[in-house]
Amino acid sequence: MAKITKLDDIVSLCKRRGFIFQSSEIYGGLASCYDYGPLGVELKNNVKSAWWKAVVQLRDDIVGLDCSILMHPLVWKASGHTDQFADLVAECKKCNVRTRVDHLEDKAAEQVDSSGRSLPQPEEHTEHISIDAALARAQDLSNKVCPNCGTVGQFTEPMPFKLMFETQMGANVDDSMTLYIRPETAQGIFANFANVLDTTRVKIPFGIAQIGKSFRNEVTTKAFIFRTREFEQAELEFFCEPGTDDQWFEHWKEARFNWYIGLGLNKDNLHFREHDADELAHYAKACVDIEYRFPFGSGDWQELEGIANRTDYDLRQHQRGIRTLNKWYESDRDVTKIELAEETEDYSKGPLSYFDDQQKKRYIPYVIEPSAGIDRSALAFLVDAYDEEEVRGEKRNLLRFSPALAPIKVAVFPLVKRDGMPEIARNIYNDLKKYFNCFYDEKGAIGRRYRRQDEAGTPFCITVDGQTLEDSTVTVRERDSMEQVRISTDQLLTHLREKLEV
Ligand code: GAP
């Protein structure tokens, strides 16, 4: 139960302090869509920057991309999404609510609280599996409970529910066509593989990274920003020679796991979960999830990031996609009416192959894909950083963010609004804000100002007081220990830079 309270506390702190709001709240809200407020956007940008720094900036073998969300519909035919990207759902015959079959609970497993309300249960771990795999795994639903109305075993036959959003492009009836709003950023990378090869000096092994929005018409959304219909992904496609893929898979498992720990996630709340053969996505040879112990239901492990060995599947499929163009024109540009062109025998020499000029051989590279969710990571960082403690008989809420993620790095206060203290504090603030995100506050009791910054996760607060007027020193208060040290104003920047490591 404590963990349920914790997520509720985080949701309420996020709203109260301007991290995350319900989308369109003034109109009653739009389910499963969220807006990031002033502190939230800083947190999210910091998560993205930390990812980009680790994955692109600090490495010599990875370049970045920023692709458009709308892509040619054949991209999604070739990738397998138009045919396979669906969840298997069953509709309750009593209340007509559809639920993912893999999210239905057995009657026996259902738990209720003291007032008889159904408690959320740990659900199956998988994000999405291919519809063929889902059908193969679909079980007898006679003992399953509808999570909406509680009726047992009254479901329709399981049916696929397509997850990609569709839209129309083009103003004229004759040339308008159906497009898909991308459900992952990865395909933009595969579609630009040849462009990157032709325009940069990359050589295999190398990676292409991208951060961007993705959209899925999820059947079940849940737990705040954990699973939403619009979300942001950070994906890397790392291209390597077939035969070296297992080694690179291990490399990326370790690198990605350590990234979360380096940014402050408690190691005890993180683990790997290997996928069984029957739950592998249609493109994967191997897949492992980095799971975080999110505080939902009885407190269960949920996917934070997936790392997949996608083999040469995508590049080979896009070679078939390119060869399907004529058929697509002939079919009124409707990908649902056509089959992909067959693969040619010499596919390894196709337009998306790679020529290794040292080994003098041509092949289609294998791909290792670490695929992270930015919103989900932000939630994990919020959950892990959240703490409550009692200080002098009062509750103190705080977010123990690592400095790299903290939305505000330093807050500057004058102790009182007189004796020239506000002017000195403002000067310090104006100097420091050139280097990191700072906040100035002169309103209210100093204790309350500290508490507000603790709740925002601000690592350091600087206070200008009476002694500053005498010896040009200020107090620097550290968020977690609440310890205060006096630092000379001319040493302040160096001191903070050292502590913040930014
Ligand atoms: N390209 C591979 C791919 O998209 P995925 O497991 O479907 O794989 C990768 O998604 C990551 O994206 C997940 O681990 C999760 O962090 C995030 N993600 C996926 N669906 C999401 C959703 N509906 N809401 C929030 N994050 C999501």
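Nothing here was measured: the structure is a model prediction, and the numbers come from that model. Both counts, for ligands and for their atoms, begin at 1 and track the order of listing.
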* Asked: Purely on distance, is any nitrogen or oxygen of E235 under 3.5 Å from one on ligand 1?
  -> yes
Show me the side-chain donor-acceptor pairs of residues 53-73 shorter than 3.5 Å, one per line, residues at least two apart or across chains.
from : atom 1 : to   : atom 2 : distance (Å)
R59  : NE     : D61  : OD1    : 2.9
R59  : NH1    : H251 : NE2    : 3.0
R59  : NH2    : D61  : OD1    : 3.4
R59  : NH2    : D61  : OD2    : 2.8
S68  : OG     : L70  : O      : 2.8
H72  : ND1    : L74  : N      : 3.0

* Does ligand 1 have an atom that lies less than 4.0 angstrom from a heavy atom of T228? -> yes
* Taking only heavy atoms of E218, which atoms of ligand 1 are found under 4.0 Å from at least one of them? -> 20 (N), 22 (C), 23 (N)
* **F193-F239 aromatic ring centre distance below 6.0 Å** => yes
* **Subset of ligand 1 atoms that lie under 4.0 Å from at least one heavy atom of E305** => 14 (O)
* Numbering as shown, the atoms of ligand 1 that approach R310 to under 4.0 Å (heavy-atom distance) -> 1 (N), 2 (C)
* **N or O contact, F231 vs ligand 1, cut-off under 3.5 Å** => no
* Asked: E305 side chain to A372 main-chain N or O, any donor-acceptor pair under 3.5 Å?
  -> no
* To do: Is it possible for you to check whether R376 lies under 6.0 Å from the centre of the six-membered ring of F226, through NZ or CZ, and within 45° of that ring's axis?
  => yes
* To do: Give the single entry among Q187, R216, E369 that approaches atom 5 (P) of ligand 1 most closely by any heavy atom.
  => R216
* **Donor on one side chain, acceptor on other, Y34 and D375, under 3.5 Å** => no
* Asked: Which of the atoms of ligand 1 are close to F226, meaning less than 4.0 Å from one of its heavy atoms?
  -> 24 (N), 25 (C), 26 (N)
* For residues E235 and T185, is any side-chain donor paired with an opposing acceptor at under 3.5 Å? -> yes
* Using the test side-chain hydrogen bond (donor to acceptor under 3.5 Å, both in side chains), find all partners of S214 that sit at least two apart in sequence or belong to another chain. => Q233
* Asked: N/O to N/O below 3.5 Å, does that happen between Q233 and ligand 1?
  -> yes
* Could you tell me which atoms of ligand 1, counted from 1 in the order shown, lie closer than 4.0 angstrom to a heavy atom of G306? => 14 (O)
* Structure fact -> Counting heavy atoms under 4.0 Å, the part of L304 that contacts ligand 1 is backbone
* What's the verdict on salt bridge (Lys or Arg N to Asp or Glu O under 4.0 Å) for K203 and D356, showing C-alpha distance, side-chain angles and the deciding distance? -> CA-CA 8 Å; K203 285 199 181 308; D356 183 326; over 6 Å; no
* Which atoms of ligand 1 have any heavy atom of E184 under 4.0 Å away? -> 1 (N), 2 (C), 3 (C), 4 (O)
* Distance under 6.0 Å and angle within 45° of the ring axis: does K6 meet both against Y386? -> no
* Does any N/O atom on G373 come nearer than 3.5 Å to any N/O atom on ligand 1? -> yes
